[in-house]
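Read the structure below first, then the notes.
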Amino acid sequence: MNIQNTIETAVKQGFLALYNVEIPSVEFQATRKEFEGDITVVVFPLLRYKKGNPVQIGEDLGNYIVENVAEITNYNVVKGFLNLVIDDVFYTNFFNSVYSDTSFGFVTPKADDKAIMVEYSSPNTNKPLHLGHVRNNLLGYSVAEIIKAAGKKVYKTQIINDRGIHICKSMLAWKKFAPNGNDGQKETPENTGLKGDKLVGNYYVKFDQEYKKEITNLIAKGLTEEEAKKEAPLFKEAQQMLLKWESGDEEVVDLWKTMNGWVYDGFEVTYKNMGVNFDNLYYESNTYLLGKDVVAQGLEKGVFYKKEDGSVWCDLTEDGLDEKLVLRSDGTAVYMTQDICTAIQRVKDYTDVGGMVYTVGNEQDYHFQVLFLILKKLGFDWAKQLYHLSYGMVDLPSGKMKSREGTVVDADDLMVEMTDTARTISEELGKLDGYSDAEKEDLYKTIGMGALKYFILKVDPKKRILFDPKSSVDFQGNTGPFIQYTYARIQSIIRKADFDYSKPVTVPFHEKEKELLKQLELFPDTIQQAAANYSPAIVANYTYDLVKEFNSFYQNVSILGETDLDKKIFRVQLAKKVADTIKSSFSLLGINVPERM
RNA sequence: GGCUCCAUAGUUCAAUUGGAUAGAAUAUCAGAUUUCGGCUCUGACGGUUGAAGGUUCGAGUCCUUUUGGAGUCACCA
């Protein structure tokens with residue numbers, strides 16, 4: 001039973017005993033450092049149930065709690081804030097009970113609990129991943145890990161947009177414009193050494209360039225821009241290709257398979273470097289034809305209605321939204337319909353799924369609002385547990401990223417750049433004697449990726465990020481490497497602690513030790529809070545606070561230099577627990593920690 | 001134009017979801033340590049929380065109005 005619950009019960013009992021009034025809940029906060037005490041009961045809200053002077057009520061409650069709760073030794077009241085002092089014994093017990101708990105803060109899911117499916121990444125297969133995808137991947141992966149740690153079963157998934165006109169553009173451009181590679185054949189990843197997604201991406205850009213030329217020519221011949229866009233031969237050809245693909249034309253489908261294969265190989269490398277993974281994949285080419293059933297179902301239930309031209313709509317005007325098309329007049333499905341079906345399909349495939357999280361940029365806020373509402377109207381019980389993990393754009397100082405114009409920060413390039421920066425800095429410090437080259441490279445990657453991931457994840461998801469590749473990623477202050485550094489330093493201490501420090505001890509606390517213990521105690525609650533808010537930023541900021549608290553302790557207190565054996569043991573244990581907690585909480589962000597750096 | 005989101009120190013971010021004197025980092029300046037690991041620590045400087053009203057014991061947070069920025073409003077995905 002945690003201390004807060006104990007006090008809450010006591011406050012309720014106290015209120016009943018003193019004023020004969022029942023209260024439903026009690027509000028807590030951590031006591032501010034300038035006041036004496038460890039936990040604070042906010043008295044003001046209680047005035048609703050018992051009119052009176054908040055200070056007097058605080059005094060009464062304080063008295064009652066000190067008398068009735070063993071762990072509380074003292075109290076004071078400032079305005080309407082009742083500060084309670086928690087006995088050291090409580091913290092000693094707390095520490096000894098979690099010290100060797102390797103899953104401290106993590107909750108194991110119950111067998112019959114519903115699972116959550118977390119979708120993220122979901123790229124198009126016509127271009128490489130860029131900085132925007134990096135934010136998406138890091139967020140999605142991290143939120144999945146956090147929800148898992150908070151006690152829910154999680155499936156990580158993505159839907160791959162592998163069909164549509166955009167794919168045909170790359171295919172067509174490759175077919176028409178690809179020069180021959182080293183072996184005399186048309187360019188492939190094998191004969192050029194290019195990463196598959198890069199190669200395909202180049203042809204997507206190529207298409208756009210040639211297309212623009214055609215448009216310009218047509219406009220010069222007197223067409224309007226609108227007309228030119230539709231009449232350009234390349235565009236018409238791409239449309240033809242899509243029709244062929246849809247009718248299962250063998251040549252087109254083969255090319256599509258080949259080129260998508262290149263892209264998947266390329267993506268796999270990027271995902272591996274980024275440290276993210278998926279439990280299953282959905283392909284739009286498999287799901288885009290689903291839908292007729294759902295439309296029929298919706299019509300039957302009266303959720304959808306048919307217009308004269310045969311198109312099917314969902315009227316959401318009562319909920320303050322628009323009418324939404326779910327089936328074109330020619331009988332084909334739109335994006336929304338596919339999303340409805342994919343959601344339903346997932347629950348069919350994984351029957352324990354009770355909710356879903358969609359990691360998609362905030363430009364689709366409206367889309368998901370509509371999607372969730374329609375699913376609710378269709379009467380699925382899991383529709384209440386849908387969440388759109390919406391995040392802001394990642395901007396560059398030079399302006400928006402546009403993949404067609406090539407003004408993007410490529411994910412692979414970015415990761416290489418981060419690793420290089422880490423290498424430069426680490427080599428200057430030169431603390432890596434005895435490390436093999438491979439170990440060093442591994443470490444540089446850990447640090448570089450740590451910097452990148454922490455930089456992106458520490459910010460609230462819905463805020464936009466301004467990313468300056470040159471100066472934004474720092475290695476000092478509130479950064480990943482700063483935290484990794486602290487971890488490595490603790491490991492150094494542990495390596496040097498060549499005595500048996502395994503036994504539980506009871507020692508009087510140094511002020512800094514108590515602060516650290518308080519911070520450690522917050523960890524389980526932090527995970528729950530981060531899960532409830534779908535926010536890795538909460539975990540990141542917690543870790544930073546923990547590290548700051550540790551550094552303050554480290555500066556003020558000697559660990560291995562302590563002469564009292566029990567104190568020395570406790571300090572090593574405490575340092576170790578802090579390191580373990582850094583490691584756990586960083587694992588929730590997908591960040592590794594080095595033993596040395 | 002309708003709807004949604006954002007705005008906090010020069011800069012990058014916090015603020016326990018309505019709680020105490022709005023906190024960190026960075027940059028700048030001053031100091032401590034020179035030892036478990038050097039990227040550690042302490043302090044100073046820095047704010048009318050975009051603006052104006054309102055709600056209440058109490059507002060960065062909620063409501064109204066307003067300014068600026070972004071997104072969205074396709075038989076595109």
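All heavy atoms count here, side chains included; hydrogens, waters and symmetry mates do not.
Contact check for A:Glu246 versus A:Leu242: side-chain heavy atoms found under the 4.5 Å cut-off.
Among B:rC36, B:rA77, B:rG23, the nucleotide with an atom closest to any side-chain atom of A:Arg32 is B:rG23.
In terms of polar N and O atoms assigned as donor or acceptor, the side chain of A:Ser329 comes within less than 3.5 Å of the base of B:rC75 in a complementary pairing. Side chain A:Asp309 to base B:rC75: a donor-acceptor pair is found below 3.5 Å. Residue-to-nucleotide contacts include a donor-acceptor pair under 3.5 Å from the side chain of A:Asn533 to the base of B:rU17.
The side chain of A:Arg464 contributes no N or O atom lying less than 4.0 Å from OP1 or OP2 of B:rC6. Within the structure, a side-chain polar atom (N or O) of A:Lys462 is placed less than 4.0 Å from OP1 or OP2 of B:rC6. For the OP1/OP2 pair of B:rU21 and a distance below 4.0 Å, the side-chain nitrogens and oxygens of A:Lys79 include at least one atom meeting the criterion.
As judged by a 4.0 angstrom heavy-atom cut-off over every strand, A:Thr40 is placed among the base-contacting residues.
When the nearest nucleotides of RNA chain B are assigned to A:Phe482 and A:Gln491 by heavy-atom distance, the more 5′-ward of the two goes with A:Gln491. Mapping A:Gln555 and A:Asp460 onto RNA chain B by nearest heavy atom places A:Asp460 at the nucleotide closer to the 5' end.
Under the 90° criterion around 0 for the glycosidic angle, B:rU55 counts as anti.
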